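In this text the structure is predicted, and so the values were computed from the model without any measurement. Quick note on labels: first sequence line is chain A, next is B, and so on, each numbered from 1.
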Amino acid sequence: MSKKRKLPGGVDVVKVGDKIISLDGYLSKKSKPATKEEASTSTDTAQPAPSTTGSNGTGNEAKQKERDGTSKPLAKKPLNPSRWQKPRGTSGDGSGEYLKSRRELPLWNYQDEIRRVLRERDVLVVVGETGSGKSTQVPQFLYCEDWCQRRKVEVDDKEVFVGGMIAITQPRRVAATTLAYRVSREMGTPLNAQKNGGDSGSPALGNHQRGLVGYSVRFDHQVPRGTRVKFVTEGMLLQDLLRDPNLRQYSAIIIDEIHERSVDVDLLSGFLKQVLSGDKAGRGGVPLKVIIMSATADIGGIRRFFSDARDEETAIPSGESETESTHSGVEVLKIEGRQYPVDIIYSPKAVPDLQEALLKTIFKIHLHEPLPGDILAFLTGQEEIESVQKLIEEYAATLASNMPKVKVFPLFGQLSIEAQHEAFKPVKAAFTRKIVLATNIAETSVTVPGIRYVVDCGKAKVKEFRSRLGMESLLAKAISKSSATQRAGRAGRESAGKCYRLYTEETFDGLQPTDLPEILRNDVLGAVLTMKARGIDDVLSFPLMDRPSIESLEKALIHLHFLGAISGDGTITEMGRKMAFFPVSAPLGRVLLAAADPRYDCVLEVIDIIACITAGDDIFHQLQTEEVKEEVEEYRKELYRREGDLLTYLTTMQHYAAENSDRVGWCRQRRINVRNMRQAMNIRRQLRGLCMREKMLAEAPPPDPQPFAPIPPSQAETVVKCFMKGFALKTAMLAPDSSYITAHGKHVVAIHPSSVLHGQKKEAIMFLDHVFTQKNYAKKVSVIQANWIAEAFEED
DNA sequence: GAGCACTGC
């Protein structure tokens, strides 16, 4: 019958930074070589090729690969020793132990081709499926190339150095840091893991040592002297661009995971395209190489975008079958991945009740499929996960005693790190199947080990910005084909698996091929300010892979003008430059600048509040049961302020900073998110430093801990007025029928239940967030006076 | 009476 699960003991997941990462096949030398995908963030499996039978490609494609012998991670390929050259410049010792696993990566055999293409041209697109090793190997293949060496050139009659380093961008911090550790070991100059002492120490700088590999993410920089390969977050490279529009320290930029299409990666792509097609005078004639890497083959638009950036005449016909050269001249290299086959099982007809279908499917798997083999179900949100968990547990209790048991784990972003951790551990009890109920967090951000069955409800909650209404919505929508493929792939990471789709094949065929890029879903206010601050005068003609509507760009320009970031003719103002320089949103940047105005003079208070509201989701955990609520509210009482949420955050930060013995215990007692509070302290320290440098603070703030002293009401009023400088458009007045009507747009809004002002009626309110979910909600709310609204619209 | 996921010199 079923035997006890055999899993690597204890070390298959590890916490790095804020994230829990599967290290399966990463630490153990005898298991398959790790790639970034396996180590942390996974990426899409390739888009299925259009199939004439209409069936989904994942299974077929994987089966094809199995026949080719390429889908088995442990399959030994005949190795050709002449293909292997040890990279020059490595110390040798460290890389040797990784060599064997590196040589087994699908990408290994493409290294000559990759080098050849980049010697001849400036742009290369690499499509590498999960496990191809592209993120770890491509920079190693390139850094010894002649074009990748630093050289002295003349720019504007001055001698400067250009190039020498490769930057490789990642959408997430955790991916950037784990990849850097991995590659530094492979290259024989390991980075020292430094424990950044939470919120008490200063950020690790770690540039005392020498080495070839480094990383740079917010609050955490490890860039050894002599670094040639630097892993960075996308936002970090954008910030580099602010100081150095020509990216002079780099010989190449590798954009990884471009298929995720964050706003930052879209902006970076635009700037890189400009550098590629510019005259290179700012780089002393030294070209910048750009390598675009995607996990999905659906990159037509991306390739077209970069094709236009280069000279048509240099197009070189490709002799290799693996590379595609088109008339437009950008070569695309496709690398097979390593994925076990996954059978796709569609629902034969549309399901009327998703929850019922989900329960039936889960128990069908549980009662008919052998152990071991855990189940991962994709749902839309916390509420749904919790109700399904209850139903599963109730039904499981009725099963006969000779049936396998189940253990259910919820998995969503707002869960504490400990609770998330539970979902990654193998279940200890014998004869038990693990069922993980997850949001989209399990699609890209984390990898749950042991999964053999995936159940996909076909939906996900997405945030969208309605520029016409000036508000966001967060609603469940149908996922894309790419997303469905990615979800299915989660069943085939350790062995062959099955994916049950709770929708029909026809429904799948009708899905959008890819998700809407973020730049088409978000407020473009920040993106436009980013462009303006980097010298883009005409934002309407800035090259973007997907262009937001003119209307939304215009709305953003008007908003920026209102905030004082651009002048009447659209040029950036001094204030706008400063706003772009701060790592906060444009309206919050405006608030920070107002706080430094002698009329307000509350920089430290505003920093404390901004730190709390930008440290992730709400620092206050929601209170589930009445008992917990009663107990916790007693402790929280001293934090809550009648003026609203902003002053409540300030009071919380001040109490937290004053607490010097047991901050974790202090947070636990008040059900405050420890992780976010630490992050808030990091942000607070960073913003204080920036404000000192910008001379917005006359003197250095007193060191913690300072005794807690409540802010007097008059000063509290000043702080709220300061926020009005950034959020005057997000205000509402109480109507005779007791509803709140927004000043701008005249919509009805309700105060969100998470607000301390929920259920209260005040003359007027200001709020920082405006989101439609169940209702039109105002979040992060403060009490204001009606006449402040008019005041805030007055010119300085 | 309610909470998709990331991220910033």
Side-chain angles (χ1 to χ4, degrees), chain A residues 17-19 40-41 169-176 203 205 216-221 223 232-244 257 260-265 267-268 378-386 411-415 438-446 457 459-464 472-477 479 483 515 518 521-522 526 529-530 533 578-586 588-589 610 614-618 620-624 626 629 673 679 682-683 686-687 689-690 693-694 750-755 758-759 769 771 773-775 777-779:
Chain A
D18 293 343
K19 281 289 164 301
S40 57
T41 65
T169 69
Q170 293 296 323
R172 280 169 290 281
R173 291 163 55 97
V174 64
L205 289 171
S216 191
V217 301
R218 194 184 190 188
F219 310 128
D220 194 2
H221 308 270
V223 186
V232 296
T233 45
E234 293 157 354
M236 209 54 141
L237 194 62
L238 270 181
Q239 214 63 33
D240 271 352
L241 218 40
L242 201 55
R243 286 192 310 265
D244 178 14
E257 314 281 20
E260 291 194 21
R261 296 295 304 275
S262 65
V263 174
D264 283 356
V265 99
L267 292 173
L268 273 179
F378 284 98
L379 288 87
T380 59
Q382 178 180 347
E383 208 172 5
E384 203 184 6
I385 287 171
E386 281 164 354
L411 183 60
F412 46 89
Q414 274 290 80
L415 272 183
T439 60
N440 252 0
I441 192 170
E443 196 180 301
T444 49
S445 303
V446 293
C457 77
K459 288 188 161 67
K461 279 191 188 170
V462 280
K463 204 170 239 180
E464 284 186 333
E472 291 176 315
S473 64
L474 179 63
L475 300 167
K477 289 194 143 193
I479 60 172
S483 191
D515 290 306
E518 207 185 14
R521 291 187 288 113
N522 260 25
L529 181 61
T530 298
K578 285 183 179 167
M579 284 160 66
F581 164 83
F582 283 111
V584 298
S585 72
L588 288 176
I610 291 177
T614 57
D617 286 315
D618 204 344
F620 292 104
H621 279 127
Q622 44 182 314
L623 306 176
Q624 305 284 6
E626 279 304 310
K629 203 177 154 177
N673 188 318
Q679 174 77 349
N682 279 329
I683 296 169
Q686 185 188 31
L687 291 179
L690 292 173
R693 206 198 294 178
E694 290 295 303
I751 296 178
H752 194 270
S754 63
S755 170
H758 175 70
D769 293 335
V771 187
T773 49
Q774 309 272 314
K775 272 199 239 181
Y777 278 118
K779 300 169 90 171

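- Side-chain atoms of Arg172(A) lie closest to dT7(B) of the nucleotides dA2(B), dT7(B), dC4(B).
- The number of heavy atoms from other shown groups lying within 6.0 Å of CD (Glu383(A)) does not exceed 12.
- Taking atom CG of Leu267(A) as the reference point, atom P of dC6(B) lies 21 Å away to the nearest angstrom.
- Here the side chain of His758(A) pairs a donor or acceptor atom with the backbone of Ile751(A) at under 3.5 angstrom.
- Within the nucleic acid shown, Gln686(A) comes within 4.0 Å of sugar-phosphate atoms alone, with no base atom in reach, counting heavy atoms only.
- Using a 4.0 Å heavy-atom distance criterion, Leu238(A) is classed as making no nucleic acid contact.
- In this structure, CD1 of Ile751(A) is placed 14 Å from P of dA2(B), rounded to the nearest angstrom.
- Comparing Ala580(A) and Gly413(A) by the nucleotide of DNA chain B that holds the closest heavy atom to each, the one mapping nearer the 5' end is Gly413(A).
- Atom CG in Leu237(A) sits roughly 16 Å away from atom P in dT7(B) (whole-Å rounding).
- Toward the 5' end of DNA chain B, the nearer of the two residues Val217(A) and Leu411(A), judged by each one's closest nucleotide, is Leu411(A).
- The side chain of Ile441(A) has dC6(B) as its nearest neighbour among dC4(B), dC6(B), dG1(B).
- For Tyr777(A), the side-chain atoms get nearest to dG1(B) when compared with the rest of dG1(B), dC6(B), dC4(B).
- Val263(A) comes within 4.0 angstrom of nothing in the nucleic acid, heavy atoms only.
- Rounded to whole angstrom, the span from the CD atom of Glu464(A) across to the C1' atom of dA5(B) amounts to 14 Å.
- An OP1 or OP2 oxygen of dA2(B) is reached within less than 4.0 angstrom by no side-chain nitrogen or oxygen of Thr773(A).
- For Glu384(A) and dC4(B), the CD to P distance is 10 Å, given to the nearest whole Å.
- Here the CD atom belonging to Gln774(A) is positioned 10.0 Å from the CG atom belonging to Leu474(A), to the nearest 0.5 angstrom.
- Checking dG1(B), dT7(B), dA2(B) against the side-chain heavy atoms of Thr233(A) singles out dT7(B) as nearest.
- A donor-acceptor contact under 3.5 Å is formed by the side chain of Lys629(A) with the base of dG1(B).
- Taking atom CD of Glu386(A) as the reference point, atom C1' of dA2(B) lies 11 Å away to the nearest angstrom.
- Taking atom CG of residue Leu379(A) and atom P of nucleotide dC4(B), one finds them 11 Å apart after rounding to whole Å.
- A close approach under 4.0 Å does occur between a side-chain nitrogen or oxygen of Arg173(A) and OP1 or OP2 of dG8(B).
- Between Glu384(A) and Lys461(A) there is no salt bridge, since no side-chain N of the basic residue sits under 4.0 Å from a carboxylate O of the acidic one.
- Arg173(A) places no side-chain N or O within 3.5 Å of a backbone atom of Thr233(A) that could act as its donor or acceptor partner.
- For Thr380(A) and dC4(B), the shortest distance from a side-chain N or O to OP1 or OP2 is not below 4.0 Å.
- Following rounding to the nearest Å, Ile385(A) (CD1) and dC4(B) (C1') show an atom-to-atom distance of 10 Å.
- Nucleic acid contact class of Glu518(A) (heavy atoms, under 4.0 Å, all strands): base.
- Here the CD atom belonging to Glu234(A) is positioned 8.0 Å from the CG atom belonging to Leu238(A), to the nearest 0.5 angstrom.
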